Visitor: 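What follows is a structure written as structure tokens; I'll ask about it next.
Not measured: the values here are computed from a predicted model.
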Amino acid sequence: MSHSSDSSQVPFAPHPVTAAEVIPGDLIALTPGDAERACWYVVTHTLPETPETIRVSLRPPLGGTDHDEVLGRDRRVISGCRRLDVGAVPRLVSDDLAAVEFREGDRVGSLRVVDPGADEVSYVRRWGVWHRDLDGGSGDDVLTDAEVRGWGAAPVVGVGSEGLGAGAETPGAGVGGGGEFVVRHHPRPERVAAAGGPRRVVVTGLGAVTPLGVGVDELWRGLLDGRHGIRELDGEEFAELPVRVAGTVPVDPAELLPRQAARRMNRAAQFAVLAAREAWGDAGFVAGGTRESGLDPERVGVSLGAILGDASVLVGGDRKLRDKGPRGVSPLTTPMTVPSQAASQVSLDLHITGEARTVTAACASGTEAIGAAIDRIRYGRVDIALAGGAEAVVTPAIMASFAAMRALSTRGLADGSSPSRPFGRDRDGFVNGEGAGVLVLEAEEHARARGARIYCEAAGWGLSADAHHMAAPDPSGAGVALAVRRAVRDAGGHVVDVVHVNAHATATVEGDLAEAGALRAVFGRRNVPVTAIKGHLGHLQGAAGGVEAVATVLSLHHGVVPATLGVASELDDSIGLDVVTGAARELPGGGDLALSNSFGFGGHNAVLALRRVG
């Protein structure tokens with residue numbers, strides 16, 4: 001809506017003049033009361049009516065329709081000491097909203113055109129209702145279609161300088177003969193796909209190896225049933241540790257792979273290959289890899305996150321060096337130690353030659369690896385990618401280090417409940433864990449051309465850094481909030497579109513509070529269902545983002561949010577979020593985005609945004 005070119009020059013010292021003194025271009029208020037409530041008009045024309053009166057044509061300074069006032073020559077009016085270009089003040093009339101068929105993305109604006117300093121009050125239609133701020137934290141400033149249509153009908157409470165309900169006159173209603181408000185409908189712009197623009201990325205396959213078992217079905221059933229996979233570490237190497245529980249995979253992955261191949265993989269790589277094979281088959285591809293599936297191997301990539309991969313290989317090599325000397329160290333020690341082994345082994349196993357990348361960003365590694373793969377597909381580098389994370393760091397030294405940091409829960413398994421209690425009032429630290437989670441990401445046109453089943457859209461991702469401490473989170477949560485907002489924006493969405501958050505929530509006091517504060521800052525009073533699955537699994541480190549992304553995809557696909565384990569009636573009151581507890585909950589409507597959060601030592605923050613389809 002156009003404003004006069006001189007509208008920023010608002011007078012601050014109005015003074016009375018007679019009607020006989022005004023000329024076209026003057027900014028006047030008809031009474032002192034009008035001046036006090038910022039009700040001004042531009043004189044567009046003057047004409048003697050009688051020897052004692054003048055006919056004055058007036059138009060609101062921000063645009064509107066003209067109306068005439070017949071004033072006595074000696075009538076006192078208030079001059080704003082400002083002359084405007086009449087030609088720059090547009091003629092505007094309110095749109096008839098009763099005749100408009102509203103659509104998603106439409107905008108309706110109301111401008112108090114008699115106030116030179118007024119700003120347009122604007123609402124956008126999203127999910128069948130009208131929002132004043134699509135990315136704000138208030139859930140109160142929302143209108144229905146009927147309320148918006150009422151803007152053109154009087155008399156109802158209107159939109160003033162502070163928004164709806166501020167006590168101003170009705171938008172669009174006649175005030176002073178010319179109308180104080182102009183209400184305009186702005187249809188949603190037509191979307192035209194740009195040639196060569198970013199491609200849409202979808203999820204077509206899932207794979208997981210977790211403490212709940214091997215396979216996505218074991219993971220999902222365990223989440224819905226409220227089971228956990230945290231176990232006692234009974235090896236003698238753990239006997240002297242102060243903490244001896246961890247989320248360990250209940251089967252030996254080497255037994256599920258050909259013996260010769262398994263001998264050349266570390267434990268994390270074994271997890272990754274098993275999860276990748278499951279995801280590959282779930283996406284509808286043929287076992288064996290790219291060639292067997294009729295794919296160009298150069299158009300497929302791998303992107304996996306890991307912090308260390310498998311720390312036990314290096315520890316074992318060091319022990320053999322001390323016990324047996326240099327000849328006792330296997331030549332496979334180095335290639336099996338590097339964190340990139342999982343990505344390379346998936347590439348080897350499925351004959352993927354497009355790329356095999358590894359992301360190391362502390363506990364955000366898996367999520368960042370998925371985000372990187374999204375961009376590689378978006379911009380045409382590959383058409384398909386297996387993305388996620390794999391980790392196997394349940395080793396004595398790592399456990400001892402975490403315990404020395406006082407980061408681990410010291411609660412055992414005696415009472416039968418999970419010692420990992422995200423957002424719980426009595427939480428006392430995380431539980432170390434292992435596993436892998438892999439998604440098959442695919443360009444949408446590629447997936448649809450082959451008739452693939454689509455779980456959801458991998459819509460966007462966001463990164464940030466706390467720059468606060470080498471291990472502790474920034475208690476303000478500012479970095480986390482930034483990553484959340486960036487993920488939503490990258491997905492082409494708004495905060496009002498988010499219907500679910502799979503929280504990082506490690507069950508550390510400081511970490512949970514920082515994440516909760518960040519989510520409150522982003523969502524405000526909106527009750528977005530939040531769940532955390534580390535009570536079921538423990539903290540899978542670099543694999544956490546991959547496995548939690550799998551769980552978030554399943555929540556969108558099935559329309560169900562699993563409950564957070566361990567906090568049924570003991571939720572920390574200071575969290576201030578709508579944490580799903582007790583039983584699984586149906587995914588709400590009124591939006592289409594779900595977020596999966598991952599945050600790591602050193603201030604690494606990564607958030608994945610997934611969008612439900614169909």
Visitor: Salt bridge or not between Arg277 and Asp282? Use side-chain N to carboxylate O under 4.0 Å.
Guide: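 No, Arg277 and Asp282 are not salt-bridged.
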Visitor: Given 3.5 Å as the limit, does a donor-acceptor pair link the side chain of Arg450 with the main chain of Arg448, or not?
Guide: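 Here the side-chain-to-backbone pair does not exist.
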Visitor: Could you tell me whether a side-chain N or O of Thr531 sits under 3.5 Å from a main-chain N or O of Asn502, the two making a donor and an acceptor?
Guide: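 No.
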Visitor: Can a salt bridge be assigned to the pair Glu548 and Lys534 using a cut-off of 4.0 Å between side-chain N and carboxylate O?
Guide: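 A salt bridge is present here (some side-chain N lies under 4.0 Å from a carboxylate O).
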Visitor: Quick check against the 3.5 Å criterion: does Glu104 have a side-chain atom that pairs as donor or acceptor with the backbone of Trp127?
Guide: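 Here the side-chain-to-backbone pair exists.
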Visitor: Under the 3.5 angstrom rule, does the side chain of Asp310 hit a backbone N or O of Val393 as a donor-acceptor pair?
Guide: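 Checked: no pair found.
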Visitor: For the CD atom of Gln345 and the OG atom of Ser340, what is their distance to the nearest 0.5 Å?
Guide: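 It comes to 10.0 Å.
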Visitor: Should the pair Arg453 and Tyr455 be classed as cation-pi, given the thresholds of under 6.0 Å to the six-membered ring centre and 45° from the axis?
Guide: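 The answer is yes; both the distance and angle limits are met.
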Visitor: Has the side chain of Ser555 got a donor or acceptor atom that lies under 3.5 Å from a matching backbone atom of Val560?
Guide: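 A pair under 3.5 Å: yes.
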Visitor: Counting only heavy atoms not in Arg291, do more than 12 sit closer than 6.0 Å to its CZ atom?
Guide: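 Open: at most 12 neighbouring heavy atoms sit under 6.0 Å from CZ of Arg291.
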Visitor: In terms of side-chain heavy atoms, does Thr508 have a donor or acceptor partner in Thr506 at a distance below 3.5 Å?
Guide: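 Side-chain D/A pair, Thr508 to Thr506: present.
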Visitor: Please round to the nearest 0.5 Å and tell me the distance separating atom CG of Asp383 and atom CD of Glu445.
Guide: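 CD of Glu445 is found 7.5 Å from CG of Asp383.
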Visitor: Side chains of Thr367 and Ser598 only: does a donor on one sit below 3.5 Å from an acceptor on the other?
Guide: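 Side-chain D/A pair, Thr367 to Ser598: present.
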Visitor: Measure the spacing between CD1 of Ile374 and OH of Tyr379 and express it to the nearest 0.5 Å.
Guide: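 So the CD1 of Ile374 and the OH of Tyr379 are separated by 11.0 Å.
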Visitor: Salt bridge or not between Asp578 and Arg585? Use side-chain N to carboxylate O under 4.0 Å.
Guide: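 Yes, Asp578 and Arg585 are salt-bridged.
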Visitor: Could you walk me through whether Glu434 and Arg267 pass the salt bridge (charged side-chain N to carboxylate O under 4.0 Å, His left out) test, one step at a time?
Guide: CA-CA 9 Å; Glu434 63 178 6; Arg267 187 174 173 87; 2.8 Å; yes
Visitor: Take atom CZ of Arg259 as the centre, draw a 6.0 Å sphere, and report whether it contains more than 12 heavy atoms from other residues, nucleotides or ligands.
Guide: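 Atom CZ in Arg259 is not packed in, count stays at 12 or less.
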Visitor: Take Asp497 and Arg612, measure what salt bridge (charged side-chain N to carboxylate O under 4.0 Å, His left out) needs, and give me the verdict at the end.
Guide: CA-CA 11 Å; Asp497 301 330; Arg612 56 181 161 191; over 6 Å; no
Visitor: Mark yes or no for whether Trp461, through its side chain, and Leu608, through its backbone, hold a donor-acceptor pair below 3.5 Å.
Guide: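 It does not hold such a pair.
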Visitor: Would you say Glu391's side chain and Gly309's backbone share a donor-acceptor pair under 3.5 angstrom?
Guide: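 Checked: pair present.
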Visitor: Just so I know, are the side chains of Ile533 and His536 near enough to count as touching, which here means a heavy-atom distance under 4.5 Å?
Guide: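 Result yes, sub-4.5 Å side-chain heavy-atom pair found.
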Visitor: If you measure only the distance, is there a donor-acceptor pair under 3.5 Å linking the side chains of Asp135 and His494?
Guide: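 Indeed, the side chains of Asp135 and His494 share at least one donor-acceptor pair under 3.5 Å.
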Visitor: Atom OG of Ser596 and atom CD1 of Ile370: how far apart are they, to the nearest 0.5 Å?
Guide: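 It is 7.0 Å, given to the nearest 0.5 Å.
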Visitor: So do Ser365 and Thr358 actually touch side chain to side chain, heavy atoms under 4.5 Å?
Guide: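 Thr358 does not reach Ser365 side chain to side chain.
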Visitor: Below 30° counts as parallel, above 60° as perpendicular, anything between as tilted: where do the rings of Trp220 and His558 land?
Guide: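 Because their plane-to-plane angle is under 30°, the rings of Trp220 and His558 count as parallel.
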Visitor: In Å and rounded to the nearest 0.5 Å, what is the CG to CG distance from Leu212 to Leu223?
Guide: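 Reported value, rounded in 0.5 Å steps: 6.0 Å.
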Visitor: Please confirm whether the backbone N or O of Pro297 pairs with a side-chain atom of Thr353, one donor and one acceptor, at under 3.5 Å?
Guide: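 Here the side-chain-to-backbone pair exists.
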Visitor: Short question: side chain of His500, backbone of Ala594 - any donor-acceptor pair under 3.5 Å?
Guide: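 The answer is no, because no donor-acceptor pair under 3.5 Å joins these two groups.
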Visitor: Rounded to the nearest 0.5 Å, what's the gap from CG on Leu233 to CE on Met399? Could you check?
Guide: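 Separation between the atoms: 5.0 Å.
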Visitor: May I ask you to say whether Glu444 pairs ionically with Arg199, meaning some side-chain N is under 4.0 Å from a carboxylate O?
Guide: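 Looking at Glu444 and Arg199, the cut-off is not met.
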Visitor: Using a 4.5 Å cut-off on heavy atoms from C-beta on, say whether the side chain of Arg227 contacts that of Arg221.
Guide: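 Result yes, sub-4.5 Å side-chain heavy-atom pair found.
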Visitor: Test your reading of the model: is there a side-chain donor-acceptor pair from Glu278 to the backbone of Ala208, 3.5 Å cut-off?
Guide: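 Here the side-chain-to-backbone pair exists.
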Visitor: Given side-chain contact (heavy atoms from CB on, under 4.5 Å), test Val547 with Leu219 step by step and report yes or no.
Guide: CA-CA 9 Å; Val547 172; Leu219 170 65; 4.1 Å; yes
Visitor: Can you confirm whether Thr204 sits close enough to Glu442 that some side-chain heavy atom of one is under 4.5 Å from a side-chain heavy atom of the other?
Guide: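 A side-chain contact exists here, since the closest heavy-atom pair is under 4.5 Å.
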Visitor: Could you check whether any side-chain heavy atom of Asp592 comes within less than 4.5 Å of a side-chain heavy atom of Val613, counting everything from C-beta outward?
Guide: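 Side chain of Asp592 against side chain of Val613, heavy atoms only: no contact under 4.5 Å found.
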